[in-house]
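Structure record follows, encoded as C-alpha cells.
Side chains are part of it too, since the values below use all heavy atoms of this structure and drop only hydrogens, waters and symmetry mates. We're numbering straight along the sequence, starting at 1.
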Amino acid sequence: MPQGLENNGSNIHMAKTSLPNVYQAYRKQFHTDFTKFLRMRSEEVVHGGSMVLTIPCRSLVDPASLMIVVHSLSYSGNHLSTWSNRQGLVQGADINSFNILLYFPCEDEGRNIIESKGSFSVENLNVFKVNWDPHDTDYTNMNDSNELSQVHGKNTSKVVRVALEPLLVSHLGNSIIHVLFKKYEKHVADHLSKKKTKHFFLTISLTKK
C-alpha cells in the first residue's frame, strides 16, 4: 500500500473529496509498477520483438476528473460508510484502512513512461471506448430505455463484482457483498437510463530497441 492514503477517510478509491496527496500516491504507485513491468518485459523480449498492451485509461489529463471507476467505487464507498454509521454492518476502521489500488493513466502518461525508460519504441497508440456492459453493442443511442438499463445495470454489476468481490471480502467480510452489488446494479441502471457513459482503453504497440 503506497504511503499517503491514510488520510483518504472513508473513500475506498480516489474521489472528489480526496486530498491532492492521495492522487499523487496513486500516480506514483502506477509509475513504479508500470516501470517495473516494462523493465521485466524488456529482459524477455528479443531485439526487434513486438508487444501489444491494452490497459484501462482516462480521457482527460487531470486525474481529478471524473473517471468511471472513481465514480462507481465512490458510490460503493458511500454505501459502506452508511452501513458503518447506521447499521454497524461494517467497522469504520476497516473502511478507512481500505483502498482499491486502481489507477487509469491518460494517453500522455502511458507514452511518457514508455519513452523515458528507453527499452521500447512506441509504434502505435490508440484510445478506444466501450460500453459499461460488455454485451451492449449499441453505440448509437445516448441513453438506455428503462428496460435495457436494467439489463445493462445487471451485466455491469456482474463484471465489477468479479473484479472487486475478492478484495472486498478479504478486508470487509462477505456479509454485505450481495446487498452492496444489488444497490450498485440499481445505481448503474439509473445512470444508464440518463446517459450511456463509456470505459476508455489505451492500446499500445511496442517494439524492443
Side-chain angles (χ1 to χ4, degrees), residues 8-20 22-27 29-30 34 53-82 95 98-111 125-168 176-204:
N8 201 23
S10 60
N11 297 316
I12 62 173
H13 195 263
M14 292 184 294
K16 288 184 177 181
T17 57
S18 297
L19 296 175
V22 172
Y23 288 96
Q24 293 167 8
Y26 270 89
R27 184 189 300 111
Q29 187 64 51
F30 172 79
F34 192 42
L53 305 177
T54 298
I55 58 176
C57 69
R58 66 180 190 272
S59 60
L60 301 177
V61 173
D62 183 5
S65 62
L66 186 62
M67 300 179 287
I68 171 52
V69 69
V70 176
H71 177 65
S72 302
L73 296 179
S74 296
Y75 178 80
S76 299
N78 288 339
H79 273 300
L80 293 175
S81 298
T82 298
I95 299 173
F98 180 55
N99 282 274
I100 296 176
L101 297 181
L102 291 176
Y103 181 84
F104 292 178
C106 66
E107 180 179 343
D108 287 343
E109 277 181 292
R111 182 191 296 275
L125 189 151
N126 289 301
V127 175
F128 64 95
K129 297 182 288 185
V130 297
N131 289 321
W132 287 9
D133 177 1
H135 300 291
D136 181 7
T137 59
D138 177 12
Y139 285 87
T140 303
N141 292 315
M142 300 302 293
N143 61 287
D144 280 335
S145 65
N146 288 333
E147 182 178 356
L148 282 176
S149 69
Q150 301 303 313
V151 175
H152 296 156
K154 179 177 289 188
N155 290 340
T156 302
S157 180
K158 288 179 179 178
V159 171
V160 175
R161 183 168 182 169
V162 167
L164 297 186
E165 183 172 3
L167 295 173
L168 291 165
I176 64 167
I177 297 300
H178 180 70
V179 177
L180 176 65
F181 281 101
K182 289 301 290 184
K183 289 181 177 290
Y184 176 74
E185 175 186 323
K186 183 180 184 302
H187 172 71
V188 171
D190 290 343
H191 176 85
L192 291 177
S193 68
K194 302 178 180 69
K195 181 180 180 181
K196 291 187 68 170
T197 314
K198 305 291 190 293
H199 290 299
F200 288 81
F201 286 88
L202 179 63
T203 295
I204 313 169

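Between the side chain of R161 and the backbone N or O of L164 there is no donor-acceptor pair closer than 3.5 Å. A donor-acceptor distance shorter than 3.5 angstrom exists from the side chain of D136 to the backbone of D138, with no hydrogens or angles considered. No donor-acceptor distance shorter than 3.5 angstrom exists from the side chain of K195 to the backbone of S193, with no hydrogens or angles considered. Remark: side-chain polar atoms of S157 are paired, donor with acceptor, to backbone N or O of F181 under 3.5 angstrom. Looking at E109, its side chain does come within 3.5 Å of a backbone N or O of C106 through a donor-acceptor pair.
Closest non-hydrogen pair, L202 versus C57, comes out as N-SG, 3.8 Å. Residues V127 and F200 share a closest heavy-atom pair of CG1-CD2, 3.8 Å. Between Y139 and K198, the closest heavy-atom pair is CD2-CE, 3.7 Å. Of all heavy-atom pairs between H135 and D133, the closest is N-OD1, 2.9 Å. Across all non-hydrogen atoms, the minimal contact from M14 to Y103 is CE-CD1, 3.8 Å. Of all the heavy atoms in P56 and P105, the pair that sits closest is O-CD, 3.4 Å.
Once rounded to the nearest 0.5 Å, the distance linking CG of L167 with CG of N99 reads 11.5 Å. Taken to the nearest 0.5 Å, the CD atom of Q29 stands 6.5 Å off from the CG atom of L101. Interatomic distance, OG1 of T197 versus NZ of K129, reported as 10.5 Å (0.5 Å rounding). A distance of 15.0 Å separates NZ of K194 from CE of M142, quoted to the nearest 0.5 Å. Note: L192 CG to N146 CG = 11.5 Å, rounded to the nearest 0.5 Å. Interatomic distance, K154 NZ to S149 OG, rounded to the nearest 0.5 Å: 12.0 Å.
A salt bridge between K186 and D190 is present, with a side-chain N of the basic residue lying under 4.0 Å from a carboxylate O of the acidic one.
Using modelled atom types, one finds a donor on one side chain and an acceptor on the other under 3.5 Å when comparing H152 with D144.
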Step by step, work out the side chain to side chain contact (heavy atoms under 4.5 Å, CB included) result for L168 and I177.
CA-CA 8 Å; L168 291 165; I177 297 300; 3.7 Å; yes
Side chain to side chain contact (heavy atoms under 4.5 Å, CB included) between Y26 and L102, worked out
CA-CA 8 Å; Y26 270 89; L102 291 176; 5.7 Å; no
Stepwise, does the side chain to side chain contact (heavy atoms under 4.5 Å, CB included) test hold for W132 with V160?
CA-CA 10 Å; W132 287 9; V160 175; over 6 Å; no
Applying side chain to side chain contact (heavy atoms under 4.5 Å, CB included) to Y184 and T156, what does each step give before you reach the verdict?
CA-CA 9 Å; Y184 176 74; T156 302; 4.2 Å; yes
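For the pair F128 and T203, the minimum side-chain heavy-atom distance is below 4.5 Å.
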